[in-house]
Amino acid sequence: MPATVHVRELTADDLDAAWELGRFAFGSDSQRPPQASVEVPGLTRYGAFDDAGRLVGKAVDLHHDQWWSGRAVPAADVAGVAVAPEARGRGVARAMLTALLRGAHERGAAISALYPTVAAPYRACGWETAGVLRTVNLATAALPRHRPAARLAVRAGTPADLPAVAALYERVTRHRNGMLTRRGELFDATDRGLPGDGLTLVEDDGDLVGYATWQRGRGYGADSVLTVDEALAVSAEAARELVGVLGSWASVAPTLRLCPLDGDAVSAHLPLESAREHERDLWMHRPVDVVRAVSARGWPAHVRGSVDFHLTDPLAEWNTGTWRLTVADGAAELTRVSGEADLRLEVRGFALLYAGAAHARSVAQAGLLHHAAGVAPDALDLLGVGGPAQLLDYF
């Protein structure tokens, strides 16, 4: 392969070649789905081409928003990265991700997340591991049963209930960090039918207070699995109702499979001590624009402080420089300052702190935060005061 690659946005004429490249990379079925050759709103596809005009790499920028402490932060979440086998190890992925970051910056994105098949190439481009999406198996019979609450109603949902389901999802997730808002063109373009095989609702005097979406699976023997795509509630009573309904499947689906959301109402009623890990999907994070990343998110109202640091970001040069972080009254800002700083942060360290995945001392021990002799790195814990991030959507 020639030493140079040419990266540009893909057009409709490129989509068949992009699908073939992804099919080989991810081992997809050879039967091409109709949507593979259709332009989709809410995302930008990038391709890398060799000097002969052959597509040798592709990557997708998903125009998501993520909740960060009550505020929606524009994101460039990355998916579908694939490189032709003959072109691997020659800088194709780096060239595509550099172009993707620049395009995302130009359209106003602040942050980025992705699920890697291998972490090293993304680390080399500034993303860092920030969490794990866990899928666990539970013995359905081990779920606690209880007497149904008289004032709560449980019923099957219909497509007409989906707006209320979306509103409850937002009630649960908007004050967390990292969760997708599920708003925007990309979600507006998706099918609005019922997700999975079933939707179970819990209502309190007509108001939705809990829901579970699930897939029944096949059979009713010892290996039968009920897959819960999502189970969320806004009260302990609603959570107990949902868990009771899920537990009622024990006679025909001995295994319950779900992704628990840390510290939420439903997880508080699950016997997670007996959970067996079914799957784990590592996810990574990085800033697209550090100024936007700081100003767009919510911050704890009780936290006040400031710290100066120098940031290095080889792929996004607009992030490189000496900055002053100031946090007060539930908001924060980054401003450029002149001179040097005692704290020198690499972009991967910024990602760890911003996502609440590590404290400054740990980031320093990992070699991603450097400080002058006699200067403690703890002041940069200010960047991570919002608490840990978590994802619930795989993309």
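Everything quoted here is computed from the prediction, not taken from an experiment. Just the heavy atoms: all of them, side chains too, but no hydrogens, waters or symmetry mates, feed the values below.
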Participant: Testing the 3.5 Å rule here: is there a donor-acceptor pair between the side chains of Ser224 and Arg216?
Facilitator: yes

Participant: Kindly determine whether Asp264 and Arg176 satisfy side chain to side chain contact (heavy atoms under 4.5 Å, CB included), including the steps that lead there.
Facilitator: CA-CA 10 Å; Asp264 80 313; Arg176 290 174 172 264; 3.6 Å; yes

Participant: Are more than 12 heavy atoms, taken from residues, nucleotides or ligands other than Arg107, located less than 6.0 Å from that residue's CZ atom?
Facilitator: yes

Participant: Between Val165 and Thr213, is a side chain to side chain contact (heavy atoms under 4.5 Å, CB included) present by the stated rule, with each step listed?
Facilitator: CA-CA 10 Å; Val165 168; Thr213 60; 5.5 Å; no

Participant: Around atom NE2 of His310, are there more than 12 heavy atoms from other residues, nucleotides or ligands closer than 6.0 Å?
Facilitator: yes

Participant: Kindly say whether Arg348 contributes a backbone atom to a donor-acceptor pair with the side chain of Arg123 at under 3.5 angstrom?
Facilitator: no

Participant: Just by modelled atom types, is the Gly22 backbone N or O under 3.5 Å from a matching donor or acceptor in the Lys58 side chain?
Facilitator: no

Participant: Is the backbone of Trp323 close enough, under 3.5 Å, to the side chain of Arg336 for a donor and an acceptor to pair up by distance?
Facilitator: no

Participant: Counting N and O atoms only, with roles assigned by atom type, does the side chain of Trp318 sit under 3.5 Å from a partner on the main chain of Val288, one being a donor and the other an acceptor?
Facilitator: yes

Participant: Heavy-atom count around Arg134 CZ within 6.0 Å, excluding the residue itself: above 12?
Facilitator: no

Participant: Examine the side chains of Asp308 and Thr322 and answer whether a donor and an acceptor come within less than 3.5 Å of each other.
Facilitator: no

Participant: Determine yes or no for a side-chain-to-main-chain donor-acceptor pair under 3.5 angstrom, with Arg88 supplying the side chain and Val83 the backbone.
Facilitator: yes

Participant: Say whether, by atom type as modelled, one donor and one acceptor occur between the side chain of Arg297 and the main chain of Asn177 under 3.5 angstrom.
Facilitator: no

Participant: Is the centre of the Trp67 ring less than 6.0 Å from the centre of the Tyr169 ring?
Facilitator: no

Participant: Among Arg8, Arg45, Arg54, exactly one meets salt bridge (charged side-chain N to carboxylate O under 4.0 Å, His left out) together with Asp14. Which residue is that?
Facilitator: Arg8

Participant: Linking I/L/V/M/F/W/Y whenever any side-chain heavy atoms sit under 4.5 Å apart, do Leu380 and Trp68 land together?
Facilitator: yes

Participant: Is there a side chain to side chain contact (heavy atoms under 4.5 Å, CB included) between Asp77 and Tyr115 once you walk through the steps?
Facilitator: CA-CA 9 Å; Asp77 291 337; Tyr115 288 93; over 6 Å; no

